[in-house]
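Below: one structure, written as structure tokens.
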Amino acid sequence: MQPHEISYLLDEAEHWVAVNRQAAKHDDRLAGLTQINAFFENSTRTLLSFEIAGKRLGADVVNMHAAQSSVKKGETLIDTAITLNAMRSDVIVIRHGSSGAVALIADKVDCPVLNAGDGRHEHPTQALLDALTIRRHKGSIAGLTVAICGDVLHSRVARSNILALTALAAEVRVVGPATLIPDAIEAMGAARFTDMDEGISGADVVMMLRLQNERMDGAFVPSPREYHALYGLTYERLKRAKPDALVMHPGPMNRGVEIASNVADDVNRSVIAEQVEMGVAVGGLQHERRPYHRKRGPRRSRQRHPDWQSFCFQGPDCREGS
Ligand code: NCD
């Protein structure tokens with residue numbers, strides 16, 4: 001996405017923040033349409049944000065949990081996609097453990113597909129809600145120093161945030177042990193720091209990431225205790241950042257590992273709960289008309305609803321179409 005497109009979406013999301021704070025939250029502009037949330041990986045915030053937003057927009061929302069689906073009986077991802085397509089869904093929201101799986105499904109179905117996180121690749125709505133949270137606190141994103149700290153290697157949140165925040169002219173640093181920072185991170189426009197104190201020094205935003213053990217094939221850190229000692233966000237360490245630096249985390253948190261509980265719960269510094277609220281507001285954007293970023297045109301045996309389009313950040317690590 002281009003910077004002006006991201007800014008446009010953030011402006012539009014403000015409308016949904018206001019709607020979500022009203023007693024009556026319904027806006028039935030998607031009435032009569034069907035949204036399938038197909039989640040092949042666990043989720044609390046993202047699944048509920050899409051579900052709540054879809055319902056508030058008036059869509060009929062159906063959740064497919066992979067653990068209770070025919071995936072467990074050996075059905076392939078493509079066959080599952082063809083099945084969902086035959087049910088004439090108007091949008092499919094997908095989370096999958098494999099990078100590129102969302103793009104694969106988008107190729108097989110007639111309706112728009114929204115990426116709710118694929119492997120280590122991308123998590124576009126998380127980056128939008130993070131940018132929205134930052135902008136609401138800091139006024140604008142251009143010129144801010146954002147330190148993304150922890151397990152960047154396995155993090156789709158980090159990749160989408162680097163693409164979105166650099167597009168919006170922030171200075172992005174990635175901070176973590178050398179084993180958890182991808183080789184080509186500089187090509188995405190981020191600076192690399194392996195010393196936490198140095199990496200968060202003077203930062204306007206400190207964004208913490210969980211050790212994503214389920215995506216690791218081997219040991220990347222000696223122990224959670226040692227990791228906390230070197231890379232955990234404590235009050236002592238936070239003093240290196242600007243005095244008004246925001247503390248962020250996409251969740252789920254592992255308290256006492258990447259972040260100390262008292263920092264996570266400090267309502268004067270931590271905006272972690274607000275990120276969740278912004279996630280529902282960003283879910284409200286699914287009716288937006290977006291340019292559809294794909295190299296090949298989608299197969300369309302029937303008309304897509306014009307109000308539902310997919311979106312994706314464009315950058316060196318962004319496969320088109322997810
Ligand atoms: C993240 C995810 O699933 O990528 N969480 C989220 O969507 N809010 C981060 C994580 O799993 O650590």
Side-chain angles (χ1 to χ4, degrees), residues 45 123 126-127 129-155 157-162 164-166 168-181 185 189-213 220-279:
R45 294 154 195 79
H123 194 342
Q126 180 71 41
L129 75 89
D130 288 338
L132 183 62
T133 308
I134 297 171
R135 200 180 75 165
R136 287 173 68 84
H137 281 269
K138 300 287 180 191
S140 103
I141 289 176
L144 295 180
T145 300
V146 181
I148 304 178
C149 311
D151 182 4
V152 177
L153 182 66
H154 300 98
S155 176
V157 173
R159 283 175 181 76
S160 284
N161 261 299
I162 293 169
L165 293 169
T166 54
L168 296 172
E171 180 202 320
V172 179
R173 303 174 183 172
V174 295
V175 187
T179 49
L180 291 176
I181 299 183
I185 207 72
R192 167 196 307 261
F193 289 83
T194 50
D195 182 283
M196 179 82 171
D197 290 337
E198 205 188 318
I200 66 171
S201 171
D204 297 283
V205 177
V206 181
M207 188 183 290
M208 301 307 300
L209 300 171
R210 178 176 69 90
L211 287 173
Q212 292 137 80
N213 294 305
F220 285 76
V221 295
S223 72
R225 186 189 287 210
E226 186 166 338
Y227 180 79
H228 181 72
L230 290 173
Y231 293 100
L233 187 64
T234 57
Y235 270 125
E236 200 45 41
R237 206 156 255 149
L238 187 58
K239 284 184 194 149
R240 304 267 176 168
K242 291 219 176 107
D244 61 348
L246 300 180
V247 173
M248 301 179 74
H249 195 307
M253 280 186 281
N254 287 149
R255 290 167 180 267
V257 184
E258 75 275 9
I259 190 163
S261 257
N262 54 2
V263 176
D265 296 336
D266 183 341
V267 291
N268 296 315
R269 305 300 297 271
S270 160
V271 292
I272 296 169
E274 198 178 321
Q275 286 174 266
V276 178
E277 183 188 358
M278 295 308 122

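Given the structure is predicted, the values throughout are model-derived calculations rather than measurements.
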Result block: side-chain N/O donor-acceptor pairs under 3.5 angstrom for residues 247-258, not counting sequence neighbours:
residue	atom	partner	partner atom	Å
His249	ND1	Gly251	N	2.8
His249	NE2	Glu258	OE2	2.6
Arg255	NH1	Ser261	OG	2.9
Arg255	NH1	Asp265	OD1	3.2
Arg255	NH1	Asp265	OD2	3.0
Arg255	NH2	Asp265	OD1	3.0
Glu258	OE2	Asn254	N	2.9

### Message
In the structure I gave you, are the side-chain heavy atoms of Val175 and Glu198 within less than 4.5 Å of one another anywhere?
### Response
no
### Task
Report yes if some heavy atom in the side chain of Thr133 is under 4.5 Å from a heavy atom in the side chain of Glu277; otherwise report no.
no
### Query
Under 3.5 Å, is there a donor-acceptor pair between the Asp130 and Gln275 side chains?
yes
How close do [X] and [Y] get, heavy atom to heavy atom, and via which atoms?
X: Met196; Y: Leu230; value: CB-O, 3.5 Å
X: Ala241; Y: Ala203; value: CB-O, 3.7 Å
X: Asp266; Y: Asn268; value: OD1-N, 2.8 Å

If you measure from [atom1] on [X] to [atom2] on [Y], what distance do you get to the nearest 0.5 Å?
X: Leu209; Y: Asn161; atom1: CG; atom2: CG; answer: 8.5 Å
X: Cys149; Y: Ile181; atom1: SG; atom2: CD1; answer: 9.5 Å
X: Ser201; Y: Arg173; atom1: OG; atom2: CZ; answer: 6.0 Å
X: Glu274; Y: Leu129; atom1: CD; atom2: CG; answer: 10.5 Å
X: Thr145; Y: Leu165; atom1: OG1; atom2: CG; answer: 11.5 Å
X: Ile162; Y: Ile148; atom1: CD1; atom2: CD1; answer: 5.0 Å

## Note on the structure
Across all chains, not counting sequence neighbours, the side-chain contact (heavy atoms from CB on, under 4.5 Å) partners of Arg225 are Ser223
Given 3.5 Å as the limit, does a donor-acceptor pair link the side chain of [X] with the main chain of [Y], or not?
X: Arg159; Y: Leu153; result: yes
X: Arg192; Y: Val174; result: no
X: Tyr231; Y: Thr194; result: yes

### Query
Would the number of heavy atoms belonging to other residues, nucleotides or ligands and lying under 6.0 Å from CZ of Arg240 be above 12?
no
### Short N-O contact, Asp151 and Arg210, less than 4.0 angstrom
no
